[in-house]
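The next block holds one structure in the form of structure tokens; read it before the comments.
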Amino acid sequence: MSGVGAALLQQVRRWIERFLEPGNSLLGIADCARWIRDFFARDLGTIADKALFLDWYHLRVRCAEAANRAWRACLFTFIRFRAVTHVDVSWPGDHYQSANDPSSGCTSRGVSQLPS
């Protein structure tokens, strides 16, 4: 973090400590960038009752990324199984919906989007 950014965060910390009354809690809503998590944990460490939540937009993005990683790992395992065993088996769900059907939310590239 730059010197200016660090100075600004120190000023924010002083404002929070000044205006947060004893017995009250602090709630942070953020995109969970590493510097925000570090600031919340380290610089606001003296505040006992605090919580940092991931906002809904970034939560959805993180879930889509995790689902995509899981989908790719599952597909890789399936392809490897077929290559090693030479068993002709179909991908689960082939009988119900095409893997490239846009309405399924899955494409050959992974999970395209989570349902709204």
Side-chain angles (χ1 to χ4, degrees):
M1 167 120 353
S2 69
V4 174
L8 175 65
L9 290 179
Q10 292 309 315
Q11 189 172 9
V12 169
R13 180 185 55 81
R14 285 192 296 272
W15 286 341
I16 290 172
E17 289 174 347
R18 179 176 177 194
F19 293 110
L20 187 66
E21 297 178 6
N24 288 348
S25 59
L26 177 65
L27 172 64
I29 301 173
D31 67 353
C32 279
R34 180 170 285 125
W35 68 269
I36 295 173
R37 291 191 316 262
D38 291 347
F39 170 74
F40 208 77
R42 185 183 58 240
D43 296 354
L44 301 179
T46 58
I47 300 171
D49 193 12
K50 65 182 182 297
L52 182 64
F53 289 97
L54 183 62
D55 66 83
W56 286 107
Y57 171 79
H58 288 92
L59 177 62
R60 182 176 180 177
V61 168
R62 298 268 177 132
C63 287
E65 289 170 353
N68 197 7
R69 283 192 303 273
W71 184 89
R72 288 173 188 257
C74 184
L75 180 62
F76 176 74
T77 302
F78 177 74
I79 291 170
R80 190 174 55 195
F81 171 78
R82 284 182 65 173
V84 170
T85 62
H86 305 289
V87 174
D88 188 21
V89 293
S90 62
W91 175 254
D94 280 350
H95 305 291
Y96 304 107
Q97 223 171 17
S98 168
N100 288 315
D101 180 4
S103 66
S104 70
C106 295
T107 66
S108 59
R109 301 175 125 174
V111 176
S112 58
Q113 61 184 357
L114 293 176
S116 298

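Sequence positions, counted from 1, serve as the residue numbers for this chain.
Between K50 and L27, every side-chain heavy-atom pair lies at or beyond the 4.5 Å cut-off.
Distance CG/L44 to CG/L20: 9.5 Å, rounded to 0.5 Å. Here the CZ atom belonging to F40 is positioned 14.0 Å from the CZ atom belonging to R13, to the nearest 0.5 angstrom. Separating the CD1 atom in I36 from the CG atom in D43 is a distance of 12.5 Å, to the nearest 0.5 Å. To the nearest 0.5 Å, the span separating CG on D31 from CG on L59 amounts to 12.5 Å.
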Under the side-chain contact (heavy atoms from CB on, under 4.5 Å) criterion, do L26 and D49 qualify, and how do the steps go?
CA-CA 6 Å; L26 177 65; D49 193 12; over 6 Å; no

